[in-house]
Asks: 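One structure is given below, represented as structure tokens, and several questions about it will come after.
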There are 2 protein chains.
Amino acid sequence: MGITERRIRQKDGVRSSILDTAWKIVREDGWQSLSIRKIADAIEYSVPVVYDHFENKEAILLEFGKQGYCLLSNRLQEAKDTSEDPAEQLQRIADAYWHFAFTEKEYYQLMFGVNISCCETEKCLPEKEVFRNMVMDPLSKLLAKNQDKTVNACLKYHTFWSIMHGLISIKMLNNPDIADELNKLVLDDAIQGFIKNLQG
Amino acid sequence: MGITERRIRQKDGVRSSILDTAWKIVREDGWQSLSIRKIADAIEYSVPVVYDHFENKEAILLEFGKQGYCLLSNRLQEAKDTSEDPAEQLQRIADAYWHFAFTEKEYYQLMFGVNISCCETEKCLPEKEVFRNMVMDPLSKLLAKNQDKTVNACLKYHTFWSIMHGLISIKMLNNPDIADELNKLVLDDAIQGFIKNLQG
DNA sequence: TATGATTATCTAACACCGTTAGCAAAAGTA
DNA sequence: TACTTTTGCTAACGGTGTTAGATAATCATA
């Protein structure tokens, strides 16, 4: 029964080369430039072969979306693990998030629709929950120390995420507007303010 | 010489109807759905006529971009004028910005590339400066009162803008994720924290 | 080993998209 | 009326996502 296995291996090989090629195109010329025909050309197969592995173009984007969320979750987990102090954890997570956004720019753009139209399904990936919890944990701990019990962890989580995403996406759009150092200052400033505010 | 004037009026009429039609398409089916052919169909002219009035599709988007920045500037100015107190002004501006983003969703998406690829030229519109100054003014006044002279108004401006944009774009992407009331709470929370931080 | 079924793959098309060259008709001018 | 300018059109080019249907290769079985 090695025959069918070899076939599966070959089929998986084609699937992988589709993703590899797509990724290469995106890295070189951006998401706008990705097309099924370019992929087919590059893997030296005809167009319909691509559709044997992915229902449509969105399915390919979705695959990268999943990859992106996994990668981001791992990066944030690593950052979080470098400290036990919740406040420090939050700061590290913010740094890691920032770092991810610009070292893995293509992932970030796809995941959060920065300057591209991310596919509908991208919006409700289950993978999102993982990194939500990652931020919620140190945040809740900080709030627990706080005397003011009215503040909501869920609300604060959204505030945190919004600050991060706002900073990142604005920097991504207006590339040369501000120097990198200033941007990092803005991030640190915003997060410091946020954490201070959190501690009451 | 009334003939050439009538001609100009007619030509302007076609130009207007192009923009009107385009805007209608966008409002009904989003930016993704806008195409030159659809515009031409709707105004009952052939495709090249559209190109007599706009060099290309980007030029049409740019026109809407300008409109958007003008509208936003006016709204922010109105909001600012409702108070003399800088802190209150900032709060009102934030509210107005938020309100603009969701009542004029299509403009906002185009202007800040939320879930669409805004054209290159959109990034460096001179109209942007107007509303930058609008925020900088009360911000500087607040900082002037502050004893700590190290904080930078430019930096704080970016922080402000990032918080706003982050909140808005995340809400725009994950439509039903959070209730509207919570979102408004997050905004108020973030801006209150920001202003408090500003006052030292 | 020949036959039938399955799988892999391709060609060619459909319906869109932005954009433009070149021509016909209309309108204005002399 | 004859000439010039403007106006508008048809038809194409090259690109996109997607799919129907034919062909060639491979496999399983008689």
Side-chain angles (χ1 to χ4, degrees), chain A residues 1-19 21-22 25-26 28-65 110 115-122, chain B residues 1-19 21-22 25-26 28-65 110 115-122:
Chain A
M1 280 294 149
I3 287 172
T4 51
E5 286 174 15
R6 192 213 62 217
R7 284 194 146 181
I8 290 173
R9 241 182 302 125
Q10 282 182 342
K11 189 139 192 171
D12 282 359
V14 173
R15 191 190 139 94
S16 294
S17 69
I18 288 174
L19 290 174
T21 300
I25 294 171
V26 170
E28 282 172 5
D29 298 312
W31 288 106
Q32 290 302 322
S33 173
L34 183 64
S35 83
I36 304 288
R37 276 180 171 84
K38 278 186 193 165
I39 295 173
D41 270 8
I43 65 173
E44 293 176 302
Y45 275 98
S46 67
V47 168
V49 171
V50 178
Y51 285 89
D52 286 343
H53 296 85
F54 297 94
E55 199 185 342
N56 48 34
K57 194 182 176 183
E58 283 219 349
I60 300 179
L61 298 190
L62 200 62
E63 185 65 34
F64 286 119
L110 177 67
N115 215 6
I116 79 157
S117 171
C118 59
C119 55
E120 283 299 310
T121 31
E122 199 82 42
Chain B
M1 278 295 151
I3 287 171
T4 49
E5 286 175 13
R6 192 213 63 215
R7 282 190 148 182
I8 290 173
R9 241 182 301 127
Q10 282 182 343
K11 190 140 189 170
D12 282 0
V14 173
R15 192 190 136 95
S16 293
S17 70
I18 288 174
L19 290 175
T21 300
I25 293 171
V26 170
E28 281 171 5
D29 298 311
W31 289 106
Q32 291 302 321
S33 173
L34 184 64
S35 83
I36 304 289
R37 279 180 169 83
K38 277 186 195 167
I39 295 173
D41 270 9
I43 65 173
E44 293 176 302
Y45 276 98
S46 68
V47 169
V49 170
V50 178
Y51 285 89
D52 286 342
H53 296 85
F54 296 94
E55 200 185 340
N56 49 33
K57 193 182 176 182
E58 284 219 349
I60 299 179
L61 298 190
L62 200 62
E63 184 64 36
F64 286 120
L110 176 68
N115 214 8
I116 80 158
S117 171
C118 57
C119 53
E120 282 300 309
T121 31
E122 199 82 44

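Sequence lines set the chain letters: A, B, ... in the order given, protein chains first and strands last, and positions in each chain run from 1.
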Asks: Can you measure B:K57 atom NZ to C:dT19 atom C1' for me and round it to whole angstrom units?
Replies: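 It works out to 12 Å between those atoms.
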
Asks: How many Å lie between OH on A:Y51 and P on D:dT16, as a whole number?
Replies: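 After rounding, the gap between these two atoms is 11 Å.
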
Asks: Taking only N/O atoms, report every protein-nucleotides 24-28 of chain C pair under 3.5 Å with atom names and distance.
Replies:
residue, atom, partner, partner atom, Å
C:dG28, OP1, B:R6, NH1, 3.3
C:dG28, OP1, B:R6, NH2, 2.8

Asks: Contact class for A:D52 (heavy atom, under 4.0 Å): base, sugar-phosphate, or nothing?
Replies: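 Base contact.
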
Asks: Just how far, in rounded Å, is P of C:dC17 from CG of B:L61?
Replies: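 The distance from CG of B:L61 to P of C:dC17 comes to 15 Å, rounded to the nearest Å.
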
Asks: Provide, to the nearest angstrom, the distance between the CD1 atom belonging to A:I18 and the C1' atom belonging to C:dT9.
Replies: 13 Å

Asks: Measuring from the side chain of B:K11 (C-beta onward, heavy atoms only), which nucleotide among C:dT19, D:dT7, D:dT10 has the closest atom?
Replies: D:dT7

Asks: Atom CD1 of A:I8 to atom C1' of C:dT7: distance rounded to whole Å?
Replies: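 In whole Å, C:dT7 C1' lies 13 Å from A:I8 CD1.
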
Asks: B:V47 versus B:D41: any side-chain heavy-atom pair under 4.5 Å?
Replies: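 A side-chain contact is absent here, since even the closest heavy-atom pair is not under 4.5 Å.
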
Asks: Angle between the end axes of the helix from C:dT1-D:dA30 to C:dA30-D:dT1, five pairs per end, to the nearest 10 degrees?
Replies: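 For the helix from C:dT1-D:dA30 to C:dA30-D:dT1, the axes at opposite ends meet at about 30°.
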
Asks: Just how far, in rounded Å, is P of C:dT7 from NE2 of A:H53?
Replies: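 Spelled out: NE2 on A:H53 to P on C:dT7 is 14 Å.
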
Asks: Please report the distance, rounded to the nearest Å, between CG in B:D29 and P in C:dC16.
Replies: 14 Å

Asks: So which of residues 32-45 of chain A are in contact with DNA chain D, with a heavy-atom cut-off of under 4.0 Å?
Replies: A:L34, A:S35, A:I36, A:R37, A:K38

Asks: Applying side chain to side chain contact (heavy atoms under 4.5 Å, CB included) to A:F64 and A:L19, what does each step give before you reach the verdict?
Replies: CA-CA 8 Å; A:F64 286 119; A:L19 290 174; 4.0 Å; yes

Asks: Rounded to whole angstroms, how far apart are CD1 on A:I60 and C1' on D:dT18?
Replies: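 For the pair A:I60 CD1 and D:dT18 C1', the rounded distance is 12 Å.
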
Asks: Hey, is B:E63 close enough to B:R15 for a salt bridge, meaning N to O under 4.0 Å?
Replies: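 Answer for the salt bridge query: yes.
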
